[in-house]
Amino acid sequence: MRTLIALGGNAMTAPDGRARPEDQVAAVAVAMEAVADLVEAGVEVVLTHGNGPQVGNLLVKNELAAHVVPPVGLDWCGAQTQGTLGFVIVSALERALAARAIAKPVAAIVTRTLVDADDPGFTHPTKPIGRYLPKEQAAAMIAHGQTWEDRGDRGWRRVVASPEPLDVLDAPAATALLDAGYVVVACGGGGIPMIRDLPTNLLQGVEAVIDKDLSAVLLARAVAADQLVIATDVDHMYLRFGAADARALHHIAAADLRAHLVAGEFGGGSMAPKAEAACRFVEGGGQRAVVTALGSIREAVLGKAGTEVEEE
């Protein structure tokens with residue numbers, strides 16, 4: 001069974017959220033032990049991952065050095081973090097496989113994702129990213145063409161577009177590697193956001209961030225994955241999350257989960273995109289989607305953990 005596993009940002013940082021290089025290497029090593037167990041069990045694995053903390057670190061470097069060197073765009077940040085996390089994941093998984101005497105090649109692809117140049121997010125960017133800054137520091141970044149908003153007592157914060165992903169442009173390369181027997185890491189952070197210039201038909205990077213779970217659905221379809229596993233920091237999706245009467249969802253039909261989404265059950269937090277991604281994957285013909293905690297990946301793939309989303 002071909003399975004796409006989407007690792008949340010918590011897979012790449014320490015439990016307290018620190019993202020020092022040593023924290024990231026240690027966290028990835030733990031996650032890859034579970035992935036190696038799946039490979040050993042005969043599961044064909046495709047990996048994608050978040051990159052929020054890593055991009056956040058690059059944005060801080062942009063801000064601190066803006067008076068010395070021009071800041072790089074979000075497409076560059078996405079590419080840099082894909083490359084860094086890709087080599088960390090590949091190295092950790094190779095070590096875990098070698099410890100099991102498994103001769104399975106692993107490769108990471110720096111992946112681009114197509115978005116619409118006319119997506120409304122570009123006209124009215126609303127996705128907050130990075131840290132809060134005082135007005136005078138934000139002004140230096142605004143001078144470099146960025147959009148920042150006054151958020152009151154907390155200071156100013158950058159807002160960017162978060163357009164709908166349309167196509168994972170480098171999925172054919174991922175498919176070729178999978179068919180050749182590789183474990184593939186692709187589309188990290190949702191992919192590098194690209195638009196197509198209509199007069200020339202050429203691609204160019206843009207200032208945006210893409211939801212990695214929504215891009216994971218496109219990648220899963222493109223590589224013909226049978227199931228999608230979304231790893232996060234909770235064991236299940238919950239109704240009335242945080243309330244005294246919160247209820248874990250163990251198995252749910254995509255139509256019922258969609259109804260909860262429409263009703264606003266998951267609010268605008270990080271679980272709503274995961275629920276949306278699970279619905280899209282199953283509605284598009286995928287066998288099953290599972291949302292679970294990072295430590296339960298192996299059990300989730302085997303149908304023993306998490307919130308299972310199926311057609312019926």
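The first residue of the sequence shown is numbered 1, and numbering continues consecutively from there.
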Enquirer: Looking at Arg2 and Asp179, is any side-chain nitrogen of the basic one under 4.0 Å from a carboxylate oxygen of the acidic one?
Expert: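 The answer is yes: the pair qualifies as a salt bridge.
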
Enquirer: Any side-chain heavy-atom pair from Thr111 and Leu219 closer than 4.5 angstrom?
Expert: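 A side-chain contact is absent here, since even the closest heavy-atom pair is not under 4.5 Å.
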
Enquirer: Between Lys104 and Leu93, is a side chain to side chain contact (heavy atoms under 4.5 Å, CB included) present by the stated rule, with each step listed?
Expert: CA-CA 10 Å; Lys104 184 82 170 175; Leu93 184 52; over 6 Å; no

Enquirer: Can you check whether Val209's main-chain N or O pairs, donor with acceptor, with Ser162's side chain at less than 3.5 Å?
Expert: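 Yes, Ser162 side chain to Val209 backbone: donor-acceptor pair under 3.5 Å.
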
Enquirer: Applying the 4.5 Å side-chain criterion to the ILVMFWY set and letting contacts propagate, would Val159 and Val115 be lumped into a single cluster?
Expert: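 No, separate clusters.
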
Enquirer: Of the non-hydrogen atoms in His251 and Glu312, which two are nearest, and what is the gap between them?
Expert: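 His251 and Glu312 have their closest heavy atoms at CE1-O, 3.5 Å.
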
Enquirer: Is it true that a side-chain atom of Gln227 and a backbone atom of Thr3 form a donor plus acceptor pair closer than 3.5 Å?
Expert: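 Such a contact is absent between Gln227 side chain and Thr3 backbone.
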
Enquirer: Are the side chain of Glu308 and the backbone N or O of Val290 linked by a donor-acceptor pair below 3.5 Å?
Expert: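 No, Glu308 side chain to Val290 backbone: no donor-acceptor pair under 3.5 Å.
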
Enquirer: Salt-bridge test for Glu33 and Arg298: reply yes if a basic N is under 4.0 Å from a carboxylate O, no otherwise.
Expert: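 Answer for the salt bridge query: no.
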
Enquirer: Flag the pair Glu164 / Asp116 as yes when at least one side-chain heavy-atom distance between them is below 4.5 Å, and no otherwise.
Expert: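 Heavy-atom side-chain distance check fails, nothing below 4.5 Å.
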
Enquirer: Does CD belonging to Glu40 count more than 12 external heavy atoms closer than 6.0 Å?
Expert: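 Yes, enclosed.
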
Enquirer: Charged N to carboxylate O under 4.0 angstrom, Arg100 versus Asp37?
Expert: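 Looking at Arg100 and Asp37, the cut-off is met.
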
Enquirer: Could you grab the distance from atom OG1 of Thr48 to atom CD of Gln82, nearest 0.5 Å is fine?
Expert: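 Reported to 0.5 Å precision, the distance equals 7.5 Å.
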
Enquirer: Does CZ in Arg240 sit with more than 12 non-hydrogen atoms of other residues, nucleotides or ligands closer than 6.0 Å?
Expert: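 Counting neighbours around CZ of Arg240, more than 12 heavy atoms of other residues, nucleotides or ligands fall under 6.0 Å, so yes.
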
Enquirer: Answer whether the closest heavy-atom distance between the side chains of Asn62 and Leu58 falls below 4.5 Å.
Expert: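 Side chain of Asn62 against side chain of Leu58, heavy atoms only: no contact under 4.5 Å found.
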
Enquirer: Kindly check if the number of other-residue, nucleotide or ligand heavy atoms within 6.0 Å of CD (Glu136) is above 12?
Expert: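 Atom CD in Glu136 is crowded, with more than 12 foreign heavy atoms closer than 6.0 Å.
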
Enquirer: Between Arg158 and Glu149, does at least one N-O distance fall below 4.0 Å, as a salt bridge requires?
Expert: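 Between Glu149 and Arg158 there is no salt bridge, as every charged N stays at least 4.0 Å from the carboxylate O atoms.
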
Enquirer: Under 4.5 Å between any side-chain heavy atoms of Gln80 and Val72, yes or no?
Expert: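 A side-chain contact under 4.5 Å exists here.
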
Enquirer: Keeping Arg196 on the side-chain end and Asn201 on the backbone end, is there a donor-acceptor pair under 3.5 Å?
Expert: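 Pair found, side chain donor or acceptor close to backbone of Asn201.
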
Enquirer: Is there a donor-acceptor pair under 3.5 Å between the side chain of Asp167 and the backbone N or O of Leu169?
Expert: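 Side chain of Asp167 to backbone of Leu169: no pair is present.
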
Enquirer: Okay, side chain of Asp197, backbone of Leu202: is any donor-acceptor separation there less than 3.5 Å?
Expert: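 Judged by distance alone, no pair lies under 3.5 Å.
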
Enquirer: Check whether more than 12 heavy atoms from other residues, nucleotides or ligands sit under 6.0 Å from atom CG of Asp245, and answer yes or no.
Expert: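 It does: Asp245 CG has more than 12 such atoms within range.
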
Enquirer: Using a 4.5 Å cut-off on heavy atoms from C-beta on, say whether the side chain of Pro71 contacts that of Gln146.
Expert: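 The answer is yes, as the side chains (C-beta and beyond) meet within the 4.5 Å cut-off.
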
